[in-house]
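It should be emphasised that the depicted structure is a prediction, and the values quoted were computed from it without experimental measurement. As the structure lists them, so they are numbered: ligands from 1, and atoms in each ligand from 1.
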Amino acid sequence: MGTQWYKDRVFYQIWPRSFCDGNGDGIGDLYGVYDKLDYLKSLGIGGIWFSPLYPSPNADYGYDISDYCAIHPDYGDLEIFKKVVDRAHALDIRIIMDLVVNHTSDEHEWFRKSRDKSSPYRDWYFWKKGKRPGKPPNNWDSFFENGAWSFDERSGEWYLHLFHRKQVDLNMDNAAVRAEVKRILRFWLDLGVDGFREDVITFISKPEGLPDDRLSIAVKGMRLFESGPHIHEYLQEFRTEVLDHYDCFVVGEAPMMTVKKARTYVAGAHPDLDMMFHFEHMAADCFFTEYMPLPFDLRKLKRAFSRWQYALDWNALYLENHDHPRVISRYGSERYHDESGKMLAVSYLLQKGTPFVYQGQEIGMTNITLPRIEDYRDCQALKHYYNGVKRRSADKVLSLIQKATRDNARTPVQWSAAAHAGFSTAEPWFPVNPNYPAINAQAQEDDPDSLLNFYRALIAFRSGSRTVRFGDYRELCPAHPHLYVYTRTYEGETLLALCSFTDKPCRFRLPDAAGAAELLFSNYPVGTPNAAVLTTRPYETRVYRWRTENP
Ligand code: GLC
Ligand code: CA
């Protein structure tokens with residue numbers, strides 16, 4: 001086992017296309033990343049997760065890979081990648097790659113070869129005859145299409161794709177496929193990377209015979225391919241044969257994961273994964289996905305936070321990534337932009353686990369509203385739109401898309417008030433949010449009270465605190481509809497994080513033990529820092545610290 005270095009670091013996720021354009025073609029790239037490494041260092045970042053950098057036809061923006069051991073020409077080449085890794089390492093920033101092996105692009109050479117029925121690659125994917133002519137082999141749903149199967153005219157059979165039809169599911173039961181996965185892992189580890197974020201990794205083992213799903217809940221088939229029959233075996237194989245030989249770590253993405261099941265992956269002496277990205281706290285304002293919106297319910301959010309904090313020793317902590325709308329626009333308030341941005345930072349950065357900050361989150365980037373469906377790129381949004389307009393008015397469906405689409409998180413990072421938000425000297429590949437003159441990194445750099453500087457201070461504090469690293473987690477007033485309050489306690493020191501998720505005043509009494517607590521962070525001026533009773537202002541947050549002497 002490695003040294004668990006990932007427990008002492010805060011990660012930053014880069015979605016490369018929109019991070020920073022270094023060569024002036026309107027597309028983010030590794031030259032831009034190289035230029036921003038000092039900025040990430042100044043934020044206190046100790047690791048970077050790169051969303052896919054590999055060659056890809058971009059049906060799903062990099063999550064449809066056509067070559068696992070190269071860099072997409074839009075982003076640079078292996079030489080600049082290596083320079084980024086070396087410079088990052090010199091700054092004590094580790095690098096993890098996105099490992100997307102549930103599926104490949106249909107333009108990957110393995111799949112091209114696989115279309116030939118007599119090719120040895122045929123069995124690398126799931127090819128099947130239909131039940132009847134014109135009918136797919138089973139009734140599974142796809143996340144990005146209507147139905148998980150597409151018919152290939154050339155070979156007269158169907159192929160399985162849980163996502164887009166250009167993201168073809170690999171047959172992980174084939175040992176040759178697993179050998180390739182291990183080769184890919186080694187390739188990047190030998191180049192110097194420090195670990196992987198494993199894309200929908202809990203889906204890679206499909207049930208024998210790919211049977212119909214007899215129940216019809218949410219995504220049909222998911223019950224059967226989520227944590228499928230050989231999942232632990234395959235993850236252990238990757239672990240023992242490759243990962244154990246490097247001081248690296250792996251975080252798995254796991255949609256629909258429950259805490260109970262999560263323990264079978266991350267607990268024990270030789271766990272499959274070091275930690276997990278679950279989705280439970282991303283459904284506090286929706287049912288299952290953002291496309292089934294509900295009013296925001298803090299109690300749902302708190303239940304999800306606390307359930308995972310209590311059940312697991314270590315969690316992957318996040319509020320944003322490239323798959324979800326911006327969190328200020330969801331759980332916070334665009335009106336109380338800075339206040340709610342800071343409060344949201346406190347709501348998760350002091351929990352137990354390894355935090356991930358998504359690009360632009362640290363400056364409080366918000367959702368974008370584009371006028372026409374043609375302006376959007378996210379294949380999942382397009383599926384929902386074209387299905388939706390069969391039943392409802394186009395205006396209504398468009399307004400749902402505007403709130404729910406992943407494109408909200410994929411607008412270019414707002415670096416300054418210059419043209420194109422300083423992201424590029426050319427017209428960016430995707431629109432910049434028009435609020436960039438007000439919300440940008442440079443303006444916040446110069447303002448000691450900015451959200452960016454709040455993130456810096458909180459990350460610096462977190463990195464030096466043994467209580468944040470080791471302390472017990474406890475939630476106070478779990479039934480409160482608007483306040484989220486938690487403590488972390490270690491060796492006589494207690495930290496208390498208070499977070500108001502409303503613009504309405506709420507009364508809160510500090511625990512008696514707090515005595516003359518020290519106020520470490522707040523997002524408003526505080527007159528009497530250790531008053532025992534306080535009334536919160538809109539989206540107020542405070543962090544207190546006190547010591548309890550051991551009797
Ligand atoms: C993961 C990725 C998402 C992608 C999907 C299919 O959920 O985060 O962006 O669309 O897997 O690869
Ligand atoms: Ca570029």
Side-chain angles (χ1 to χ4, degrees), residues 13-36 49-54 56-66 68 71-77 80 97-106 108 142-145 148 160-170 196-204 219 222 225-226 251-257 276-279 282 288-290 316 318 320-325 356 358 377-384 405-410 412-413 420 423-430:
Q13 182 192 350
I14 291 182
W15 196 77
R17 213 170 182 75
S18 288
F19 181 67
C20 182
D21 176 18
N23 66 358
D25 64 356
I27 299 173
D29 52 45
L30 286 166
Y31 312 102
V33 172
Y34 189 89
D35 290 343
K36 295 295 181 191
W49 152 26
F50 279 116
S51 271
L53 291 165
Y54 320 99
S56 161
N58 284 331
D60 187 24
Y61 288 98
Y63 286 88
D64 47 321
I65 297 170
S66 52
Y68 286 92
I71 297 291
H72 195 303
D74 284 351
Y75 305 144
D77 52 25
I80 177 69
M97 298 296 271
D98 217 309
L99 180 80
V100 188
V101 293
N102 178 69
H103 41 264
T104 72
S105 165
D106 66 338
H108 195 292
S142 150
F143 295 92
F144 298 164
E145 306 268 359
L160 177 70
H161 53 82
L162 300 182
F163 294 89
H164 194 274
R165 63 188 175 282
K166 287 178 70 67
Q167 293 171 296
V168 193
D169 281 59
L170 278 165
F196 299 90
R197 174 267 189 185
E198 302 189 338
D199 190 67
V200 292
I201 198 68
T202 46
F203 292 178
I204 61 169
V219 177
M222 184 142 165
F225 59 72
E226 194 279 317
V251 48
E253 186 207 22
M256 288 299 269
M257 184 52 57
M276 209 167 229
F277 285 124
H278 71 86
F279 283 57
M282 298 316 285
F288 180 51
T289 85
E290 286 90 347
Y318 74 97
E320 285 193 3
N321 62 35
H322 64 295
D323 288 333
H324 301 282
F356 288 74
Y358 178 65
R377 303 295 186 93
D378 167 10
C379 60
Q380 185 185 31
L382 299 180
K383 161 185 161 162
H384 283 285
T405 175
R406 306 186 294 176
D407 283 338
N408 282 310
R410 298 176 177 187
V413 170
H420 312 306
F423 162 76
S424 174
T425 50
E427 183 70 26
W429 75 280
F430 193 67

Let me confirm one number: the [atom1]-[atom2] distance from [X] to [Y], rounded to the nearest 0.5 Å.
X	Y	atom1	atom2	answer
Ser424	Asp25	OG	CG	7.0 Å
Trp429	Asp74	CH2	CG	10.5 Å
Glu290	Thr405	CD	OG1	9.5 Å

- Task: Could you give me the CA-CA distance, side-chain angles and deciding distance for Tyr63 and Ser51, then say whether side chain to side chain donor-acceptor pair (under 3.5 Å) is met?
- Result: CA-CA 8 Å; Tyr63 286 88; Ser51 271; 2.9 Å; yes

- Item | All salt bridge (charged side-chain N to carboxylate O under 4.0 Å, His left out) counterparts of Arg197, not counting sequence neighbours | Asp98, Asp199, Glu253

- Message: Taking salt bridge (charged side-chain N to carboxylate O under 4.0 Å, His left out) as the definition, give me every residue that meets it alongside Arg377, ordered by chain and number, with sequence neighbours left out.
- Response: none

- Message: List the protein residues in contact with ligand 1, where contact means a heavy-atom separation under 4.0 angstrom.
- Response: Asp60, Tyr63, His103, Phe144, Phe163, Gln167, Arg197, Asp199, Val200, Glu253, His322, Asp323, Arg406, Arg410

- Query: So which protein N/O/S atoms does the Ca ion (ligand 2) have within less than 3.0 Å?
  - Reply: Asp21 OD1, Asn23 OD1, Asp25 OD1, Ile27 O, Asp29 OD2

- Message: Salt bridge or not between Arg406 and Asp378? Use side-chain N to carboxylate O under 4.0 Å.
- Response: yes

- Using the six-membered ring wherever Trp is involved, compare the ring planes of Phe225 and Phe143 and label them parallel, tilted or perpendicular (cut-offs 30° and 60°). perpendicular

- So, do Met256 and Phe288 sit near enough that their side-chain heavy atoms are less than 4.5 Å apart? yes

